[in-house]
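Presented below is the structure to which this report refers.
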Amino acid sequence: MRGRKKIPTKIKEMQGTLTKSRTLENEMQVRHVAQIPDPPAYLTEKGKLEWNTVTEELETKGMLHIVDLALLSAYCNEMATYLEASEVLNTQGKVERTYRDDGRLRSSKLRPENKIARDSLAAALKIATQFGFTPSSRASIPQGDKKETTDEYNFFG
């Protein structure tokens with residue numbers, strides 16, 4: 001499909017740009033999640049932490065939907081992979097070196113974790129824009145009705 005991405009009717013309504021000629025009569029409506037689900041078992045600890053952070057924030061904003069949970073878990077998995085690969089790079093260095101028996105450098109190459117981290121972050125960013133997790137994508141989403149939060153570390157609000 002070419003052209004701009006479609007903007008949901010609810011967002012157009014909140015922005016004040018809704019016109020009858022540009023609305024779908026039967027726009028898909030999805031159910032909100034009644035209660036924040038536990039993180040999927042296959043996520044690592046870092047992935048589960050990310051899951052808890054983003055699901056709570058989306059639920060607070062009234063933006064957590066059942067159909068989004070699988071994509072949300074993919075985002076959390078990619079972020080966990082990025083963080084884990086970055087941890088390896090920070091502790092072991094970005095370059096892998098092999099030495100000869102006499103101590104001279106034989107070869108050096110970038111660790112595979114460099115590509116893993118880069119690819120995981122790129123995949124996570126693609127998904128993150130769909131949920132409004134990046135500053136630029138968040139700026140285009142109007143603030144809707146939200147539940148009251150007392151979290152002093154609320155970076156999304």
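FYI, the numbering just counts along the sequence from 1. All figures in this text were calculated on a predicted structure; none of them were measured in a lab.
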*Non-neighbouring partners of N52 that pass side chain to side chain donor-acceptor pair (under 3.5 Å), sequence neighbours left out*: none

*With K48, which residues qualify under salt bridge (charged side-chain N to carboxylate O under 4.0 Å, His left out), at least two apart?*
none

Are [X] and [Y] side-chain neighbours, meaning at least one heavy-atom pair lies under 4.5 Å?
X	Y	answer
F133	Y75	yes
I36	E56	yes
N77	Y82	no
V33	D68	no

Compare every heavy atom of [Y] with every heavy atom of [X], then report the nearest pair and how far apart it is.
X	Y	answer
Y42	S73	OH-OG, 2.7 Å
L43	W51	CD1-CB, 4.1 Å
A117	S86	CB-OG, 4.3 Å
M79	A124	SD-CB, 3.6 Å

*Euclidean distance, F131 CZ relative to L64 CG, rounded to 0.5 Å*: 8.5 Å

*Under the side-chain hydrogen bond (donor to acceptor under 3.5 Å, both in side chains) criterion, do T129 and T134 qualify, and how do the steps go?*
CA-CA 6 Å; T129 59; T134 64; 6.0 Å; no

salt_bridge([X], [Y]) N-O dist < 4.0 Å:
X	Y	result
K94	E113	no
R100	D102	no
E50	K46	no

*Might you work through the side-chain contact (heavy atoms from CB on, under 4.5 Å) test for L105 and R97, ending with a clear yes or no?*
CA-CA 7 Å; L105 181 66; R97 294 177 177 86; 3.8 Å; yes

*Distance-only donor-acceptor check, side chains E96 and S108, under 3.5 Å*: no

*Pick one: which of I116, L121, T44, D119 meets side-chain contact (heavy atoms from CB on, under 4.5 Å) with T81?*
I116

